[in-house]
Amino acid sequence: MLGIRKIPPLLLLSFPLLCMAGDVHQPVSASQGMVVSEQKIASQAGVTILRAGGNAIDAAVAVGYALAVVNPCCGNIGGGGFMVIRLADGRNTVINFREKAPLRATQNMFLDKFGNVVPGSTTNGYLAVAVPGTVAGLELALTRYGTMTRRQVMEPAILLAENGYRVTAFDARWFQAYASTFRTQPNVAAIFLKQGKPYQTGDLLIQQDLAQTLKLIAENGAHEFYKGSIARHIVESSNRHGGILTLEDFSTYQAEELSPLTCRYRGYDVLSVPPPSSGGVTLCEMLGILQHFSLSNEGFRSAQSMQNIIEAMRYGFNDRNTFLGDPDFVKNPLEQMLSRARMESLADKIKATRLIQPENIMIDFHENTDTTHYSIVDRFGNAVAVTYTLNGFFGAKVIADHTGFFLNDEMDDFTVKPGFANKFELVQSSANAISPGKRPLSSMTPVIVMKNGRVFLVLGSPGGPRIITAVLLTLINVIDYGMNIRAAVDAPRFHYQGTPDIVDIEPLTLSFLTSKALEYRGYHITTQSPWAAVEAVLIDKANGMRYGANDDRRPDGAALGY
Ligand code: GLY
């Protein structure tokens, strides 16, 4: 059976044309610096900083704050994330600014008296909010590795909030979708509804409250957010609306530096994030398995290469969901998971697999790309990959008083009950159970790939668990199939996470015959609307040219260089 939405055979005949995407989809090139994000205005803010002499870290902080204004669904100061940094002097680091569970959080806080998860409680309202990390993370990055002042890098964001920006088609779609939720809160409606109606594409959206908040942060730094008026507003609002956030949650929150999670794939060094994100580990496990297959000889999107990649995804997600959690609270068996011997034995198991016994699970997956990623390289040789998030669109859909920014719903990323699937259909283990001060397991996968000690690729994506597979496929498209970075980003994707036992494919991913061949091998295949948004930069090792690729799926984004 070919899934819920069948691909018309006529469209499938056009597949060979798509295979030549490498010739058609061209990246943006520049000799010095490159900024790629989902929102052109934010990319512009980054390039402005680079042109003014700032480095990639300065630009990353500027883009982070700018996206908090011009990408309200997902860019944020009320959420958290990860930043991977490769410095021109050869040092690598990760800034972990993942949110933390409030100190009053308890393992069963989302269960009713019958032990059932209270519907919506993990995704809406103050109980869903984890202590935000973005402001601390951006501050840490700027202080340690930036060259400009906070005021300089925050200026573009403040001007965009104060003077307004033109609402994009993407914004308008999500403003419309959430209008009834905004309407229930006067302070949210005052910002995100225009005389009670959703803003339309091209409307000017001015965010005075947010401008004021950003000015306070520019003036007083993270202190204002965690120990000053902003923390007080959030805690007071939380108290009024059934939340459990305290001033102590904010005053004790700290972003931290971690060593990147690294692995090697076909001579390339992959740098990504360790737990509390699962992204780097799971990506490395999948790559470690696939290293034992000759994907290029098997052919792009052949049934055999698809089976091998799907099975690598299966093992990667199974281990992710079984073993990983915040390393401050649980031991993550990374060495065992990623050992060479284990990768080889998992690859052998895949080679021995002929037919899969599919389970009959059909789930209607509603895509929720949320999150946002941006990639930056500068002329000095620094590179930065940032993925940060509110989790769902507009997070918990609450704004504290007149702070002007949405708070995250990151508590949904925890295992709120054994066996319970979260909004991304992830069924996770007790390693990711809620504990006070613990960080929920993430799938964010900002990545920097090195070749012979030099930056080759910078990339990442939104999309929950689909982040990992979108990044995986983009890497394979470049390294195994020789695509240019734009073609690699734009190529149709597939995703498999074991539960549900369904291989999701984007339209035009597979020929009719390949779909049939995979079904014969036991896979359930369903076609879904396109997902994720990979934002990437590739540096040509021959001449140092920077090639930027904004995902075709996100036409409001831009790769901008100089
Ligand atoms: N909030 C989605 C993730 O971190 O994976």
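Hydrogens, waters and symmetry mates play no part in the numbers below; they use all other heavy atoms, side chains included. Read the numbers this way: they start at 1 and go in the same order the structure lists the ligands and their atoms. Residue numbers count from 1 along this sequence.
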Aromatic ring centroids of Tyr268 and Phe456 under 6.0 Å?
yes

Between the main-chain N or O of Ala136 and the side-chain N or O of Tyr226, is there a donor-acceptor pair closer than 3.5 Å?
yes

More than 12 non-hydrogen atoms from neighbouring residues, nucleotides or ligands closer than 6.0 Å to CD on Gln254, yes or no?
no

Does ligand 1 have any N/O pairs with the protein under 3.5 Å, and how far apart?
from	atom 1	to	atom 2	distance (Å)
ligand 1	1 (N)	Asn391	OD1	2.7
ligand 1	1 (N)	Glu410	OE2	2.6
ligand 1	1 (N)	Asp413	OD2	2.7
ligand 1	4 (O)	Arg98	NH1	3.1
ligand 1	4 (O)	Arg98	NH2	3.4
ligand 1	4 (O)	Asp413	OD2	3.2
ligand 1	4 (O)	Ser442	OG	2.7
ligand 1	5 (O)	Ser443	N	2.7

Under a 4.5 Å cut-off applied to non-hydrogen side-chain atoms, are Thr445 and Val273 in contact?
no

Using 30° and 60° as the class boundaries, would you call the ring planes of Trp174 and Phe393 parallel, tilted or perpendicular?
parallel

For Ala105 against Met411, the heavy-atom pair lying closest together:
CB-CE, 4.2 Å

